[in-house]
2 protein chains.
Amino acid sequence: MSDGAASPSSYVFEQPCPIRNVLDRIGDQWSLLVLQSLEGGTRRFNELSREIGDISKQMLSRTLKHLEQDGFIRRTVYAEVPPRVEYNLTGLGRSFLVPMRDLVTWADENHRTICAARDEYTARRAGA
Amino acid sequence: MSDGAASPSSYVFEQPCPIRNVLDRIGDQWSLLVLQSLEGGTRRFNELSREIGDISKQMLSRTLKHLEQDGFIRRTVYAEVPPRVEYNLTGLGRSFLVPMRDLVTWADENHRTICAARDEYTARRAGA
DNA sequence: CGGTATCCTTATCGATACTG
DNA sequence: CAGTATCGATAAGGATACCG
C-alpha cells in the first residue's frame with residue numbers, strides 16, 4: 001500500500017484490465033481441468049480427453065492452444081509414426097496452481113454453505 | 001467430506017463437481033467486479049452500475065441475484081420513496097475474497113510474462 | 001494419433017421499453 | 001430509484017467429417 005504501486009484490486013475496473021485479461025482466460029469451462037490433469041504429469045491429447053471425460057476434441061484443442069499460448073503448458077511433438085504429442089506444465093503453469101489451489105480449497109470447504117444458501121433462497125421465494 | 005477424504009483436486013473431474021459448481025458461478029464476466037466494488041463498502045444499484053462502468057442493467061441485476069442466491073452478498077430494501085436498496089458483502093463473500101485476492105495478485109504479477117508468451121507464440125507462428 | 005474445418009444448436013449479452 | 005421483460009445479435013460449444 002505504502003509502496004509506489006497501487007494494490008492490484010484498484011484497477012480491476014480499468015478498461016483493458018490485465019487481471020481480467022488473465023483471469024478471463026483461465027476462468028473458462030476447461031482450462032482448470034486441463035491444468036489439474038497435467039499436474040499429474042505429462043499427458044497426451046487422448047489421455048487428456050479420456051481423463052476429463054466430457055470435453056469435446058475441439059474444446060480440448062482450443063484450450064490446449066490457449067494454455068500453450070499463455071505459457072502455462074508446453075507442447076512437445078515427437079517425429080514418430082504414429083505421431084506423438086505430449087503436454088506438460090511449465091513453471092508458470094505450476095506457479096499458477098498455487099494460488100488456484102487455495103481457491104479450490106475454499107470452494108470445497110464452502111460449497112455446502114453455498115448450496116444451503118441457494119436452497120434457502122429458493123424456499124423463501126416459494127414460501128413468501 | 002474434507003476430513004480424511006482425498007484432496008479437493010481429486011474430484012474436479014467428477015460429473016456434478018462441487019468445485020466447478022462454485023467456481024463456474026464466480027468465474028463469469030461480472031461477479032468478481034461486483035464483489036470488488038462491494039469490498040469498498042455498501043453500494044446501491046446505480047452506484048455499482050457507475051463504478052463498474054460497462055455493465056448493463058440486466059447483467060448487473062442477474063449478477064447481484066446470483067451472488068445473493070449463493071450467499072455472497074446481502075440485499076437490503078428500505079421502505080422509502082424513492083426506493084432504496086443496498087448491497088453489501090456477507091461473511092461468506094468476504095471470506096471468498098481472501099483466496100481470490102491471492103489469485104488476483106498472481107495475475108497482476110504475471111500478466112507481463114503471459115503477454116510476452118502470447119507475443120512470442122504469435123511471432124513464432126509468423127516467423128516459422 | 002492428433003488434431004482442424006464445418007455445421008448447427010444453444011447460451012450469453014446489450015439495448016431498451018416498461019413497472020412498482 | 002431499482003429493477004424486470006422482451007428482442008435481437010453474437011459468441012460459445014458440441015458433433016462429426018475429414019486431413020496430415
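Throughout, a chain's letter reflects where its sequence line sits, starting with A, and its residues are numbered from 1.
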Rounded off to whole Å, could you give me the [atom1]-to-[atom2] distance for the [X] and [N] pair?
X: A/Met59; N: C/dT6; atom1: CE; atom2: P; answer: 18 Å
X: A/Glu68; N: C/dG2; atom1: CD; atom2: P; answer: 15 Å
X: A/Lys65; N: C/dG2; atom1: NZ; atom2: P; answer: 15 Å
X: B/Lys57; N: C/dA15; atom1: NZ; atom2: C1'; answer: 11 Å
X: A/Arg43; N: C/dC1; atom1: CZ; atom2: C1'; answer: 17 Å
X: B/Arg84; N: C/dG20; atom1: CZ; atom2: C1'; answer: 18 Å
X: B/Ile55; N: C/dT12; atom1: CD1; atom2: P; answer: 15 Å
X: B/Asp24; N: C/dA11; atom1: CG; atom2: C1'; answer: 14 Å

| said: To check you understand the geometry: which heavy-atom pair defines the closest contact between B/Gly71 and B/Thr90, and what is its length? | reply: O-OG1, 2.6 Å
| query | Which pair of heavy atoms, one from B/Glu47 and one from B/Arg43, lies closest together, and at what distance? | reply | OE1-CA, 3.3 Å
| B/Ile73 side chain reached by B/Leu35 side chain, heavy atoms, under 4.5 Å | yes
| task | Using a cut-off of strictly less than 4.0 Å, decide whether A/Ser61 has a side-chain nitrogen or oxygen near OP1 or OP2 of C/dT4. | result | yes
| field | Contact interval (first through last nucleotide) of DNA chain D with protein chain B, 4.0 Å heavy-atom | value | D/dC1 to D/dT6
| Do B/Gln58 and C/dT12 have a side chain to base donor-acceptor pair shorter than 3.5 Å? | no
| query | With a 4.0 Å cut-off on heavy atoms, is A/Tyr87 in touch with a base, just the backbone sugar-phosphate, or nothing at all? | reply | sugar-phosphate
| query | With a 4.0 Å cut-off on heavy atoms, is B/Gln29 in touch with a base, just the backbone sugar-phosphate, or nothing at all? | reply | sugar-phosphate
| query | Does a side chain donor of either A/Thr113 or A/Asn110 reach within less than 3.5 Å of an acceptor in the other side chain? | reply | no
| task | Give me the ring orientation class for A/Trp106 and B/Phe72: parallel if the planes are under 30° apart, tilted from 30 to 60°, perpendicular past 60°. | result | tilted
| query | Can any side-chain N or O of A/Thr63 pair as donor or acceptor with the backbone N or O of A/Met59 at less than 3.5 Å? | reply | yes
| query | Counting only N and O atoms by type, is there a donor-acceptor contact under 3.5 Å from the side chain of A/His111 to the main-chain atoms of A/Asp108? | reply | yes
